[in-house]
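Please read these numbers as outputs of a predicted model, since none were measured by experiment. Below, each value reflects all heavy atoms present in this structure, side chains not excepted, and no hydrogens, waters or symmetry copies.
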Amino acid sequence: MNEQFFPRMLRSARCGTVLLSLASISLPSQPCRAQVSASHPVSDTQDAIPEPAIPAILKTFETFEVVGMPAAHGQKDIDDFILSLIRDPRFPASVNDIVVECGNVRYQPVLDRYIAGEDVPFTEVQHVWRDTTVQQMCGASGFYEQLFPLVRSLNQRLPARSRLRVVAADPPIDWGKIYTHEDLTSFFGRDENLASVREGSIASVMEREVLSKHRKALMLFGVFHLVHGGGPGEGDAVTRYERHYPGRTFVISDFGYYGTGNEPLGEMNAPGGVWPSLLRTKNSSLGTLGLDSFLPSPITTDQNCNAIDAFSSKPSKTVADQIDAFLYLGPQKLLLAEPLPADIALDRAYRSEWLRRMKVAGLPVPSTLEELDVQIVASAAHPVLTPAPRQPVSQETKLRIRQDCLSRKHPTANTAK
């Protein structure tokens with residue numbers, strides 16, 4: 001466990017790939033900082049025109065019902081941008097709902113009352129994002145501690161017809177009943193068709209609360225929940241609901257770490273002199289690349305529980321097939337990590353429970369609160385994001401993925417193969 005434990009944990013989770021259950025959440029085989037491989041050379045012969053990001057996103061809602069983008073995955077610049085987007089006076093006229101990955105649907109009534117301005121203690125509403133399946137990301141994030149009070153405050157200044165709703169989309173996990181790794185199966189397992197329980201839950205919330213009602217929504221999730229045509233089996237969340245509601249979602253990703261192999265290219269200038277900017281992938285040279293040029297390939301399982309590289313099974317798809325636009329927020333080498341909130345760092349009871357949940361999930365964490373304290377203090381000295389080395393998934397990890405998959409399919413069988 002290195003000194004950048006918390007920024008690294010949050011940063012890894014931003015692609016929607018950090019393991020909570022080794023065989024049931026996709027595992028990154030590369031760092032989440034994007035890499036442009038030498039096998040996909042960048043050509044400048046064809047490029048879309050960058051647009052000022054906030055006006056472009058707001059205008060997108062004129063055509064699409066949902067705009068999806070990453071949030072709360074350890075990258076402070078993205079989170080700050082989203083807060084600025086929501087503060088824009090034009091936002092309430094364009095959007096009805098903000099749908100969040102870090103939101104337990106069990107607490108939707110509490111969240112509704114809080115967002116509506118009722119007298120709900122903050123310690124009560126904290127359960128919305130602290131008690132989710134994505135404990136390593138949501139439980140240590142300060143983004144939602146700002147987002148929810150911001151929306152509540154905005155609503156107090158808006159007429160009733162323009163008030164925003166925040167919709168929780170994470171499955172209704174009750175950590176008070178989670179004691180073993182097997183207890184997580186109902187939230188992270190896959191059925192015989194490789195359909196993810198969690199992705200199905202997210203898609204169901206989107207269909208029920210947003211799409212069936214023709215409401216406009218900003219969807220804040222890890223990128224791999226958002227891409228068109230992504231995921232094994234029935235696909236991930238957006239892929240799944242697009243079978244019933246095609247053409248209604250506009251997907252945005254960040255650039256991440258932009259380089260060739262492990263060597264960074266020359267620093268990108270603000271595209272077109274616009275910063276922050278939105279660059280559409282259609283008619284862009286970047287849009288012709290493979291998704292593996294920008295995002296780590298998830299490792300999932302096939303029908304026989306063999307660990308497979310998700311991108312290798314879809315080699316013909318380009319970035320433009322799966323992502324609609326990139327968000328550029330400034331020089332990649334100057335992006336910042338999200339700091340750990342003081343109320344988490346000082347709350348020993350909550351940090352003890354956080355460690356317990358992480359251990360139940362099988363994730364590597366410090367063994368004691370004292371070790372965790374050291375990690376928290378050390379991480380504060382490294383606020384600038386740095387790229388991790390590009391590494392393949394080990395055979396040991398692939399074996400654990402296979403064994404976990406087999407144990408869920410055949411719980412009484414001996415899976416030590």
Side-chain angles (χ1 to χ4, degrees), residues 5-7 9-10 13 20 71-74 76 79-80 82-83 86-87 97-157 163-179 183-184 187 205 209 220-221 338-361 363 365-366 368-370 372-373 375-377 379-380:
F5 172 73
F6 272 100
M9 184 64 78
L10 291 171
L20 186 51
H73 282 66
K76 185 176 185 296
D79 292 348
D80 287 348
I82 292 170
L83 296 176
I86 294 171
R87 282 194 296 262
D97 303 322
I98 302 172
V99 186
V100 297
E101 179 176 5
C102 291
N104 187 328
V105 298
R106 290 182 65 232
Y107 298 101
Q108 186 66 55
V110 174
L111 180 58
D112 284 338
R113 290 192 291 110
Y114 178 78
I115 295 299
E118 295 183 24
D119 186 14
V120 180
F122 195 62
T123 53
E124 184 177 348
V125 77
Q126 280 178 327
H127 290 292
V128 173
W129 65 91
R130 286 190 176 187
D131 295 348
T132 67
T133 61
V134 198
Q135 184 64 28
Q136 75 281 4
M137 179 186 76
C138 303
S141 174
F143 171 68
Y144 289 103
E145 295 196 359
Q146 300 177 70
L147 174 67
F148 294 139
L150 173 62
V151 177
R152 173 186 168 96
S153 180
L154 286 173
N155 278 344
Q156 292 173 349
R157 295 164 172 78
R163 289 173 187 162
L164 300 164
R165 186 184 186 212
V166 178
V167 178
D170 196 62
I173 191 170
D174 181 352
W175 279 101
K177 299 178 180 178
I178 303 296
Y179 300 101
D183 293 337
L184 294 171
F187 300 99
V205 169
E209 300 293 338
L220 302 179
F221 281 76
E338 180 187 343
L340 186 72
D343 62 333
I344 293 178
L346 297 174
D347 189 339
R348 293 184 67 84
Y350 175 67
R351 286 187 295 124
S352 294
E353 174 62 11
W354 188 88
L355 281 177
R356 183 192 75 82
R357 296 175 185 181
M358 296 284 281
K359 291 174 181 177
V360 167
L363 288 169
V365 291
T368 66
L369 281 180
E370 288 70 27
L372 185 57
D373 287 340
Q375 299 289 352
I376 291 172
V377 173
S379 68

- Below 6.0 angstrom between ring centroids: does that apply to Phe122 and Trp129? yes
- Polar side-chain atom of Trp354 near backbone of Gln135 as donor-acceptor pair, under 3.5 Å: yes
- Item | Exam field: side chain Ser379 to backbone Ile376, donor-acceptor pair closer than 3.5 Å | yes
- Expected output: side-chain Glu338 to main-chain Ser141 donor-acceptor under 3.5 Å: no
- Backbone N/O of Ala72 and side chain of Asp79: donor-acceptor pair under 3.5 Å: yes
- Short N-O contact, Arg106 and Asp131, less than 4.0 angstrom: no
- Message: Do Val377 and Gln375 make a side-chain contact, defined as non-hydrogen atoms from C-beta onward lying under 4.5 Å apart?
- Response: no
- Should Arg152 and Glu118 count as an ion pair when the cut-off is N to O under 4.0 Å? no
- Short side-chain to backbone donor-acceptor contact, Tyr350 and Gly139, under 3.5 Å: yes
- Task: Given side-chain contact (heavy atoms from CB on, under 4.5 Å), test Arg130 with Cys138 step by step and report yes or no.
- Result: CA-CA 6 Å; Arg130 286 190 176 187; Cys138 303; over 6 Å; no
- May I ask you to say whether Lys177 pairs ionically with Asp183, meaning some side-chain N is under 4.0 Å from a carboxylate O? no
- Query: Are the charged groups of Arg348 and Glu353 less than 4.0 angstrom apart, N to O?
  - Reply: no
- Message: Would the distance check show the side chain of Asp170 and the main-chain N or O of Thr132 forming a donor-acceptor pair, the cut-off being under 3.5 Å?
- Response: no
